[in-house]
Amino acid sequence: TATAGMAASIAATLVAMLVALVLGRRAARSISAPLAELRDTMNRQRRGEPGARAREDQGSLELRSVAADFNALTEQNQALQDIQARDLRMNTLTFEIARAIRAASGTQQALDVLCAALGRGLGVDRVMANTVDTHHQVLLGAQWHLPDLPPLGDIPDDLLPHIGGLAEELWLAEGFAARDDFLAPEVQSRERARIFHEATGARAVIMVPIGLGDRVIGMIFVLMVHEPRRWSQSEAISVQQVAGFVGRAVVEDDLRE
C-alpha cells in the first residue's frame with residue numbers, strides 16, 4: 001500500500017509539474033509575443049513607417065493598456081508633425097507670394113498675383129482682393145477661381161457698408177475673420193454673414209483687411225464654395241501676412257506715381 005501510494009504521489013507530482021510547465025510556457029508566450037510585436041512596431045516607426053500601430057487585442061490586460069498608450073502617443077506625435085509640416089508649407093507659400101508681389105509692376109498685378117497664388121497654394125475655390133477709397137468704394141479688384149465657377153461681379157452696394165465696417169473693425173483690432181461654415185445656425189443668425197453668403201455663395205471664408213496707417217485700403221477674401229472648411233491658424237496668418245505685403249506694394253506704387 002505504501003509503495004502504491006508513493007507511486008501515485010510521484011505520478012501526481014509529475015503531472016502537476018507537466019501542467020505547470022505547459023501553463024508557464026503559455027503564459028510566457030502571451031507576454032513575449034506581444035512584447036516582441038510591440039518592439040517590432042517601434043523598429044518599423046524608427047525605419048520611417050510612422051503609420052505603424054501596435055496591436056491592442058492580444059496579451060494581458062496590462063500589455064493591451066501599454067499598446068493603447070503607445071498608439072495614443074503615436075497619434076499625438078503624428079498630429080504634431082502634420083501641424084509642423086502644414087506651418088512649413090504656409091511659410092514657404094507666404095515667402096513665394098511676397099517675392100512675386102515685390103516683382104509686380106504695380107498694384108493691379110500684385111492683386112492678380114496674390115489671388116492666383118493663394119488660390120492654388122491653399123487649395124480653395126475662390127480668392128478675391130481689392131483696394132478701396134475712404135468711402136469703401138472699390139478702386140482696383142482681382143479674383144481667381146476654379147474653372148467650374150463663374151467670376152463674381154462687383155460687390156453689391158448694399159453689401160459694401162457691411163464689408164467696410166467689418167474691415168475697419170478687423171484692421172483696428174489687428175485681426176482677421178474666419179468662418180468655417182456660413183450655413184451653421186449661429187452664423188446665419190448674423191445679418192452681415194447672411195448677406196455675404198447670399199452675394200458670394202461662400203460656405204467658408206477668411207477675410208483680411210489691407211490697411212495703411214489708421215485706415216483700410218483694401219480686403220482679401222479666401223473662399224470655399226463647394227463645402228465648408230475648418231481653417232487653421234497658420235492659413236489665416238499666412239493671408240494676413242500677404243495683406244501686409246500688398247499694403248506696402250500699394251504705398252510704393254503710389255509713391256512711384
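Quick caveat: nothing in here was measured; it's all calculated off a predicted structure. Values below: all heavy atoms of this structure, side chains included; hydrogens, waters and symmetry mates excluded.
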Mind checking whether [X] and [Y] have side chains closer than 4.5 Å, heavy atoms only?
{"X": "N130", "Y": "L111", "value": "no"}
{"X": "F176", "Y": "Q240", "value": "yes"}
{"X": "Q84", "Y": "L80", "value": "yes"}
{"X": "L149", "Y": "H226", "value": "yes"}
{"X": "I217", "Y": "R215", "value": "yes"}
{"X": "L122", "Y": "V222", "value": "yes"}
{"X": "L212", "Y": "V251", "value": "yes"}
{"X": "V225", "Y": "R203", "value": "no"}

Looking only at non-hydrogen atoms, find the nearest pair between [X] and [Y] and report the distance.
{"X": "A199", "Y": "L152", "answer": "O-CD2, 4.4 Å"}
{"X": "A67", "Y": "A54", "answer": "CB-CB, 4.0 Å"}
{"X": "A110", "Y": "A104", "answer": "N-CB, 3.7 Å"}
{"X": "A117", "Y": "I97", "answer": "CB-CG1, 3.5 Å"}
{"X": "P209", "Y": "A243", "answer": "O-CB, 3.6 Å"}
{"X": "V242", "Y": "L114", "answer": "CG1-CB, 4.0 Å"}

When rounded to the nearest 0.5 angstrom, what distance separates [atom1] in [X] from [atom2] in [Y]?
{"X": "T94", "Y": "F245", "atom1": "OG1", "atom2": "CZ", "value": "6.5 Å"}
{"X": "M207", "Y": "I220", "atom1": "CE", "atom2": "CD1", "value": "13.0 Å"}
{"X": "I237", "Y": "D87", "atom1": "CD1", "atom2": "CG", "value": "8.0 Å"}
{"X": "T74", "Y": "R53", "atom1": "OG1", "atom2": "CZ", "value": "5.5 Å"}
{"X": "Q45", "Y": "Q78", "atom1": "CD", "atom2": "CD", "value": "8.5 Å"}
{"X": "L140", "Y": "Q109", "atom1": "CG", "atom2": "CD", "value": "12.5 Å"}

What about [X] and [Y], same hydrophobic cluster or not, with Ile/Leu/Val/Met/Phe/Trp/Tyr joined at side-chain heavy-atom distances under 4.5 Å?
{"X": "M90", "Y": "F221", "answer": "no"}
{"X": "L73", "Y": "I83", "answer": "no"}
{"X": "M219", "Y": "W231", "answer": "no"}
{"X": "M224", "Y": "V205", "answer": "no"}
{"X": "L118", "Y": "V113", "answer": "no"}

*Name the one of R230, R229, R86 that satisfies salt bridge (charged side-chain N to carboxylate O under 4.0 Å, His left out) with E235?*
R229
*Do E75 and N71 get their side chains close enough for a donor-acceptor pair, meaning under 3.5 Å?*
no
Flag, side chain of [X] to backbone of [Y], donor-acceptor distance under 3.5 Å:
{"X": "D253", "Y": "T107", "result": "yes"}
{"X": "R248", "Y": "R102", "result": "no"}
{"X": "T41", "Y": "A52", "result": "no"}
{"X": "H197", "Y": "A202", "result": "yes"}
{"X": "S238", "Y": "S234", "result": "no"}

*Might you work through the side chain to side chain contact (heavy atoms under 4.5 Å, CB included) test for I101 and V246, ending with a clear yes or no?*
CA-CA 7 Å; I101 289 175; V246 176; 3.6 Å; yes
*Verify side-chain hydrogen bond (donor to acceptor under 3.5 Å, both in side chains) between D112 and Q108, making sure each step is shown before the conclusion.*
CA-CA 6 Å; D112 293 335; Q108 183 62 61; 3.2 Å; yes
*Could you give me the CA-CA distance, side-chain angles and deciding distance for V208 and L170, then say whether side chain to side chain contact (heavy atoms under 4.5 Å, CB included) is met?*
CA-CA 7 Å; V208 177; L170 294 175; over 6 Å; no
*Tell me, with the steps shown, if H145 and L223 meet side chain to side chain contact (heavy atoms under 4.5 Å, CB included).*
CA-CA 9 Å; H145 54 83; L223 308 173; over 6 Å; no
*asked:* Pair D148, D125 - check side chain to side chain contact (heavy atoms under 4.5 Å, CB included), show working.
replied: CA-CA 9 Å; D148 63 337; D125 297 335; over 6 Å; no
